[in-house]
Amino acid sequence: MRPTSCTFTDGTRTLRYTRQGRGEPVILIHGLSGSGRWWRSNAPVLAATHEVLTLELLGGVGVQDAARLIVAWMVALELPPAAVVGHSMGGQIAMYVAAQAPTRVRKLVLACASGLLHAKWWKVALNLPRAGFSSRRRFVPVVVRDSLRTGLPNLYRAARDLLRDDVASLLPGIRVPTLVIWGSRDPLVPPQLGRVIARSIPGARYIEIAHAGHVVMVDEPAAFNRAVVKFLEMPVPDSVPDSVPDSAQTARSSCPGSPP
């Protein structure tokens, strides 16, 4: 089944996304200067057993602003509790989604997530091409196109916001089943930060994939997919809700032919 392109509008804020597959929802959130294309080796695999919603965060969106927009979108679509998968800055955003709307998150997957990274913004910006180019060669054109689309001003604003934000105090309060997955050769967000995140979230699991860099789901897609699929198949503890309350919404979502 080919993905369906959709648009969500909440006041002046717009979120683009695609939907494919059927089943319990899985939400994919890309990282800084990324796009939904970064999940193209993963979304079809997950869509075999789930409805996969791949987000497109445009411009220099801030971490917490992005999380609030995603929560509003989840409420407007009346999604059942979802597995939220975030890469890099997307993982940082995913943690805030889980904290802001715990009844709407069923499971959490954090792939090379930022949130504990402390560095000058320009050092991170300079390392982004290195992180992307260390991936498979066929992925390089995607990195270039997405970086040009983001633009330097937006990259600066988003990177500055990302680095000013620290999730340390947030982690102990995350109460959903969590998988922390990292590339052993990540040059941007070192694996030791992933281990700290895993130790700080109650009950979290940590997996490190050999030979993978920062874009772990592109570098080693088969290993990444196996780990995530296995995690999604695990039963959810009774303490995680199976339903969420409905809320009246003024936001609008346009998605022709979307799954019911």
Side-chain angles (χ1 to χ4, degrees), residues 3 18 20-21 23-32 34-55 82-95 106-117 127-143 146 176-201 203-236:
T18 61
Q20 63 184 121
E24 293 180 349
V26 175
I27 299 169
L28 304 180
I29 310 175
H30 65 75
L32 180 63
S35 73
R37 289 187 292 266
W38 292 44
W39 302 105
R40 64 186 180 187
S41 296
N42 320 109
V45 175
L46 299 175
T49 52
H50 294 77
E51 181 186 9
V52 178
L53 302 104
T54 305
L55 306 189
V84 181
V85 183
H87 170 250
S88 194
M89 187 181 79
Q92 190 171 348
I93 293 168
M95 291 183 243
R106 189 174 181 85
K107 290 187 176 182
L108 190 61
V109 179
L110 306 174
C112 303
S114 54
L116 297 179
L117 185 64
N127 264 331
L128 280 174
R130 179 186 167 205
F133 295 157
S134 67
S135 305
R136 301 188 178 215
R137 289 184 180 180
R138 60 178 172 78
F139 187 64
V140 171
V142 176
V143 175
D146 287 344
V176 298
T178 301
L179 172 66
V180 181
I181 186 166
W182 232 263
S184 64
R185 298 179 178 176
D186 189 338
L188 187 63
V189 187
Q192 55 262 37
L193 293 183
R195 299 186 197 108
V196 172
I197 290 174
R199 287 196 300 268
S200 302
I201 298 175
R205 300 167 181 265
Y206 179 79
I207 294 178
E208 196 167 297
I209 298 181
H211 312 300
H214 183 63
V215 196
V216 59
M217 68 283 194
V218 172
D219 293 349
E220 296 291 339
F224 180 89
N225 292 339
R226 281 195 302 270
V228 173
V229 168
K230 181 179 179 180
F231 176 67
L232 295 180
E233 290 174 346
M234 292 178 177
V236 177

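Both backbone and side-chain heavy atoms feed into the values below; hydrogens, waters and symmetry mates do not. Numbers here simply count residues along the sequence, with the first being 1.
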| Nearest atoms (heavy-atom pairs only) where Leu108 meets Phe231 | O-CE2, 3.6 Å

| If only atom types and distance count, is the side chain of Lys107 paired as donor or acceptor with the main-chain N or O of Met234 below 3.5 Å? | yes

| query | Are any of the side-chain heavy atoms of Ile209 and Phe224 separated by less than 4.5 Å? | reply | yes

| said: Give me the atom names and distance for the closest heavy-atom approach of Gly194 to Val180. | reply: O-CG1, 3.6 Å

| request: Tell me, with the steps shown, if Leu116 and Ile197 meet side chain to side chain contact (heavy atoms under 4.5 Å, CB included). | output: CA-CA 8 Å; Leu116 297 179; Ile197 290 174; 3.6 Å; yes

| note | Note: Glu220 and Ala210 closest approach over all heavy atoms is CG-O, 3.9 Å

| query | Out of Leu46, Thr49, Asn42, which one pairs with Val229 under the side-chain contact (heavy atoms from CB on, under 4.5 Å) rule? | reply | Leu46

| request: Identify the residue among Val85, Val84, Val109 that makes a side-chain contact (heavy atoms from CB on, under 4.5 Å) with Leu28. | output: Val85

| Hey, mind stepping through Val26 and Glu51 against side chain to side chain contact (heavy atoms under 4.5 Å, CB included) and telling me if it holds? | CA-CA 6 Å; Val26 175; Glu51 181 186 9; over 6 Å; no

| field | Heavy-atom pair of closest approach, residues Met95 and Ser114 | value | CE-O, 3.4 Å

| Taking atom CD1 of Ile201 and atom CG of Leu110, what is their separation to the nearest 0.5 Å? | 5.5 Å

| query | When you look at Leu179 and Ile207, which way does the side chain to side chain contact (heavy atoms under 4.5 Å, CB included) test go after all the steps? | reply | CA-CA 8 Å; Leu179 172 66; Ile207 294 178; 3.7 Å; yes

| request: Supply the atom-to-atom distance Arg37 CZ to Arg40 CZ, rounded to the nearest 0.5 angstrom. | output: 8.0 Å

| message | Using every non-hydrogen atom in the two residues, find where Ala111 and Val216 come nearest and quote the distance to one decimal. | response | CB-CG1, 4.0 Å

| Distance (rounded to the nearest 0.5 Å) between Arg195 CZ and Glu208 CD | 4.5 Å

| said: Nearest 0.5 angstrom please: Met89 CE to Leu32 CG, how far? | reply: 5.5 Å

| Which pair of non-hydrogen atoms, one from Ser41 and one from Pro221, has the smallest distance, and what is that distance? | CB-CB, 3.8 Å

| task | Taking atom types as modelled, find out whether Ser184 and His211 have a side-chain donor-acceptor pair closer than 3.5 angstrom. | result | no

| Aromatic rings Trp39 and His87: how do their planes relate, parallel, tilted or perpendicular, breaks at 30° and 60°? | perpendicular

| query | Would His50 and Leu232 satisfy side chain to side chain contact (heavy atoms under 4.5 Å, CB included), going step by step from the backbone distance to the final call? | reply | CA-CA 10 Å; His50 294 77; Leu232 295 180; 4.0 Å; yes

| query | Counting only N and O atoms by type, is there a donor-acceptor contact under 3.5 Å from the side chain of Asp186 to the main-chain atoms of Gly213? | reply | no

